[in-house]
Amino acid sequence: MSKYDNLNEQQKEAVFTVDGPVLILAGAGSGKTSVLTHRVAYLIDEAGVNPYNILAITFTNKAAEEMRDRVDKLVGFGSEQIHVSTFHSMCVRILRRFADRIGYDSNFTIYDTDDQKHVIKEVCKKLEIDTKMIKEREIMNTISSCKDELITFDEYALSSAGDFRRGKLSLCYREYQQNLKKNNAFDFDDLLMMTVELFKSNPDVLENYQRRWQYIMVDEYQDTNTAQFELIRLLAGSTHNLCVVGDDDQSIYKFRGANIRNILDFEHYYPEAKVIKLEQNYRSCQNILDAANAVIRNNSARKSKSLWSERDAGNKIHFREFDNAYEEAEYVSTEIKQTVREGFADYKDNAVLYRTNAQSRSFEERMVKDNVPYKIVGGVNFYSRREIKDLLAYLKTIDNGRDDLAVRRIINIPKRGIGATTVSKVQEAADAHGISFFDALDRPDLTGVRGTAGEKLHNFVNMILLFRARVEEKGMESILDDVLDRTDYINQMDVESEEEAEERIENIEELRSKLALFIEENDEPTLSSFLEEVALIADIDTVDGNDDRVLLMTIHSAKGLEFKNVFLVGMEDGLFPSYMSISTGDNEVEEERRLAYVAITRAKDDLTITTAKQRMNHGETQYNPVSRFVREIPRELFDIAPRTAKRRIDFDDYDDYDKKPFSFSHKPYAQESYAGFKRVKDEEPVTGTKPFIATMSAVKKGSELAGSGSLGYGVGDRVSHVKFGIGTVLKIEDGGNDKKVTVQFDTAGVRVMYASFARLVKV
């Protein structure tokens, strides 16, 4: 029996097409990893390609490891020569070898998001940027976007001429990049941009890699940005032996710079490309796939395809509506607990998916109360915790003394009496003489720091040099223990409780285990390579399939994962899709719809969709209608349980439902307490000005609100809000020291806010 016999016909076509550009449109759960690994096997076994000449790129370390394991099983001997890695890991390897060609040392540091924030703060301080006018977040996003598009700070400055705000941002970009260069550091965007720069400025280096990687495969191609597109275009060279695999319907990372046009326009750049669609799904029941297909076909910017499965229809999709987020969380927690108790699933078979991280709180609280074990993915990353960052800063300083950020973090951790004035003097001397902060520490002739303070700096430098010598002499096996012992870090930790101390010690032990495992798995382990691996770890790489806990995560974090049971919560217009995307335009709503498609297709056997009539969000009580994405799913795919907590009107109460897919117009708000699925017999189309909360609480008449005239508007008036746009005042109440105003906004749903903060203007 051939190793390719278990593939379907479309998969075989993708595997057996060897030369030239190939675009594989792989729908969710269509076995794309199997196709990629079998294609690698075919290249080696049948096409006679040397494994050394194959490059396979994935987006996560977890996916890369899975591909390596599968290739090993299929190919066996020689598979270790195949280069399988993420974009960033590949770029790190290239830059480690050729960084000197673009003015960097090979032992560069990789800055994470926290490191970037520190640098931006220093930049703003140095340039006297008013961070109330130009937020640090805006500066970071601008720099990242420029790098995604391969725009240098000189090019950005040129395009910003005459624009005051952009001019300030360009100064920040320039100073930020110079700071990184001085510290011999790259951020994540640099890894891509600098590799492209290296290739373009050094044709011999590019030619070297083109000769090596003659067959290139790229997974998750829909998530590539401009820098990644250019990197692959350069590597593919003139042979065009490029196979990209992706799904435009799962392009959900626009906010990270992903450019959906890369996959939609692949045939434009490679007219000779062969396009193969993988539409058979091996994950989900047909009802789930029918729901996903119904939703995504409402997008216009996509390549036509429709998922199908040989599995049976399976359970209907469960739709549950609640009065508020607390009821919603109670239901989800109880349902999971009952499913586990009855033996239908383990805790790890369940995932709760939401649009924003803030939604996790009510589910956390409820699961703690119900003793349901859970884990949040995308919370505080292990490597972002204070004690871990401290110890990694020690290791970075030992490995690369040019990283000023790492040195300054630990110079007084644990406390060794080195004050801010001393640190400032050292930094000023380092800047003035163009040397690193570490090099300036033991130079009283430059810093003017003498006496007791100078002795403390001298002792710190000697300690680091001692650690460095031990690594060179004995390797890295004991370096973490050396640091912990010499600094007495654990005993000197600043903790507020015994529980906190235990948790932080457990984290340190976990870091020790990680280091030991790294040393065990690598033939020639180095401190640089360990720090590099740590820097490139993503949240999804930390998901342990053997850990029996419910996973709580944003939909973005869930991409690439699958679960027996999925709870898709908070499905309301204004939350998902967000009011911002609704008001911005169709392109943004299409991005959100792709996100809904991803969420639905995470479920294998059971999908539950929940919504709440009332929800607290950003400190405001919101009353939003059921998400348009839910309405786009045909009625016959749902089961809707009767409400038990309070009297609710359910669309099963009406006999005129025509069982057609719901169509959405800009008239989403209904007067009934349940506004989404049903239609009342002979009812006229509902307009956007009818209040969704009309039957949930009686709207007080304007005559009951004496004094509301001082606001400049009253009940029934049309008003404008700087953030939410135009709306109609539904209710004005006494909120103590302030008036509480309920407004039905045309595009942002119902909002309850305090008048003094809302600053509503009558229109």
Whether [X] side chain and [Y] backbone form a donor-acceptor pair below 3.5 Å:
{"X": "Arg468", "Y": "Asp399", "answer": "no"}
{"X": "Glu230", "Y": "Ala227", "answer": "no"}
{"X": "Thr195", "Y": "Leu191", "answer": "yes"}
{"X": "Gln228", "Y": "Asn225", "answer": "yes"}
{"X": "Thr152", "Y": "Glu155", "answer": "yes"}
{"X": "Asn412", "Y": "Gly417", "answer": "yes"}
{"X": "Asn202", "Y": "Asp204", "answer": "no"}
{"X": "Asn491", "Y": "Asp488", "answer": "no"}
{"X": "Glu128", "Y": "Cys124", "answer": "no"}

Mutual orientation of the aromatic rings belonging to Phe438 and Phe460 [parallel < 30°, tilted 30-60°, perpendicular > 60°]: perpendicular
Trp213 and His83 aromatic ring geometry - parallel, tilted or perpendicular at 30°/60° bounds: tilted
Residue pairs involving residues 441-451 (criterion side chain to side chain donor-acceptor pair (under 3.5 Å); sequence neighbours excluded): Asp442-His458, Arg443-Asp445
Residue pairs passing the side chain to side chain donor-acceptor pair (under 3.5 Å) test where at least one lies in residues 163-172, sequence neighbours excluded: Glu138-Arg165, Ser159-Arg166, Ser160-Arg166
Is the shortest side-chain heavy-atom distance between [X] and [Y] below 4.5 Å?
{"X": "Cys146", "Y": "Phe153", "result": "no"}
{"X": "Tyr209", "Y": "Leu234", "result": "no"}
{"X": "Ser89", "Y": "Val92", "result": "no"}
{"X": "Val483", "Y": "Ile398", "result": "yes"}
{"X": "Arg486", "Y": "Leu466", "result": "yes"}
{"X": "Met67", "Y": "Ile82", "result": "no"}
{"X": "Ser201", "Y": "Arg101", "result": "no"}
{"X": "Arg408", "Y": "Glu122", "result": "yes"}

Heavy-atom closest contact ([X] atom, [Y] atom, distance):
{"X": "Thr60", "Y": "Thr58", "result": "O-OG1, 3.1 Å"}
{"X": "Ile479", "Y": "Leu515", "result": "CG2-CD2, 4.4 Å"}
{"X": "Asn184", "Y": "Asp105", "result": "OD1-N, 3.0 Å"}
{"X": "Pro444", "Y": "Val449", "result": "CB-O, 3.4 Å"}
{"X": "Ile418", "Y": "Lys456", "result": "CG1-CB, 4.0 Å"}
{"X": "Gln210", "Y": "Gly237", "result": "NE2-CA, 3.5 Å"}

Residues [X] and [Y]: side-chain donor-acceptor under 3.5 angstrom:
{"X": "Glu136", "Y": "Thr131", "value": "no"}
{"X": "Ser529", "Y": "Thr526", "value": "yes"}
{"X": "Tyr111", "Y": "Asn183", "value": "yes"}
{"X": "Ser436", "Y": "Asp439", "value": "yes"}
{"X": "Glu455", "Y": "Thr452", "value": "no"}
{"X": "Asn262", "Y": "Thr224", "value": "yes"}

With rounding to the nearest 0.5 angstrom, report the [atom1] to [atom2] distance, [X] to [Y].
{"X": "Met194", "Y": "Leu180", "atom1": "CE", "atom2": "CG", "value": "8.5 Å"}
{"X": "Asn400", "Y": "Asn107", "atom1": "CG", "atom2": "CG", "value": "4.5 Å"}
{"X": "Leu231", "Y": "Ile94", "atom1": "CG", "atom2": "CD1", "value": "6.5 Å"}
{"X": "Leu484", "Y": "Leu391", "atom1": "CG", "atom2": "CG", "value": "5.5 Å"}
{"X": "Asp189", "Y": "Gln116", "atom1": "CG", "atom2": "CD", "value": "7.0 Å"}
{"X": "Asp431", "Y": "Glu428", "atom1": "CG", "atom2": "CD", "value": "8.0 Å"}

Pairs satisfying ring pair (Phe, Tyr, Trp, His ring centres under 6.0 Å), at least one member in residues 113-133, at least two apart: none
The single option from Tyr176, Tyr173, Tyr156 passing side chain to side chain contact (heavy atoms under 4.5 Å, CB included) against Thr142: Tyr156
Salt-bridge contact Asp115-Lys389 (side-chain N to carboxylate O under 4.0 Å): yes
Ion pair check, Arg470 and Glu473, cut-off under 4.0 Å: no
Within the supplied structure, the quantity of interest is the number of heavy atoms (other residues, nucleotides, ligands) at a distance under 6.0 Å from [X] [atom1]; does it exceed 12?
{"X": "Arg93", "atom1": "CZ", "answer": "no"}
{"X": "Phe164", "atom1": "CZ", "answer": "no"}
{"X": "Glu477", "atom1": "CD", "answer": "yes"}

Sequence neighbours left out, what passes ring pair (Phe, Tyr, Trp, His ring centres under 6.0 Å) with [X]? Give chain and number order.
{"X": "Phe87", "result": "Phe59"}
{"X": "Tyr374", "result": "none"}
{"X": "Phe108", "result": "Phe186"}

Test salt bridge (Lys or Arg N to Asp or Glu O under 4.0 Å) applied to Arg409 and Asp390, Asp404, Asp403, the passing residue: Asp390
Arg361 vs Glu365, salt bridge (Lys or Arg N to Asp or Glu O under 4.0 Å): CA-CA, chis, key distance, verdict: CA-CA 6 Å; Arg361 183 181 60 83; Glu365 290 176 354; 3.0 Å; yes
Working for salt bridge (Lys or Arg N to Asp or Glu O under 4.0 Å), residues Lys375 and Glu364: CA-CA 9 Å; Lys375 177 181 179 180; Glu364 284 188 79; over 6 Å; no
Glu509 vs Arg504, salt bridge (Lys or Arg N to Asp or Glu O under 4.0 Å): CA-CA, chis, key distance, verdict: CA-CA 9 Å; Glu509 289 300 320; Arg504 294 181 67 183; over 6 Å; no
Step-by-step salt bridge (Lys or Arg N to Asp or Glu O under 4.0 Å) determination, Arg174 to Asp154: CA-CA 8 Å; Arg174 180 187 297 271; Asp154 284 332; 2.9 Å; yes
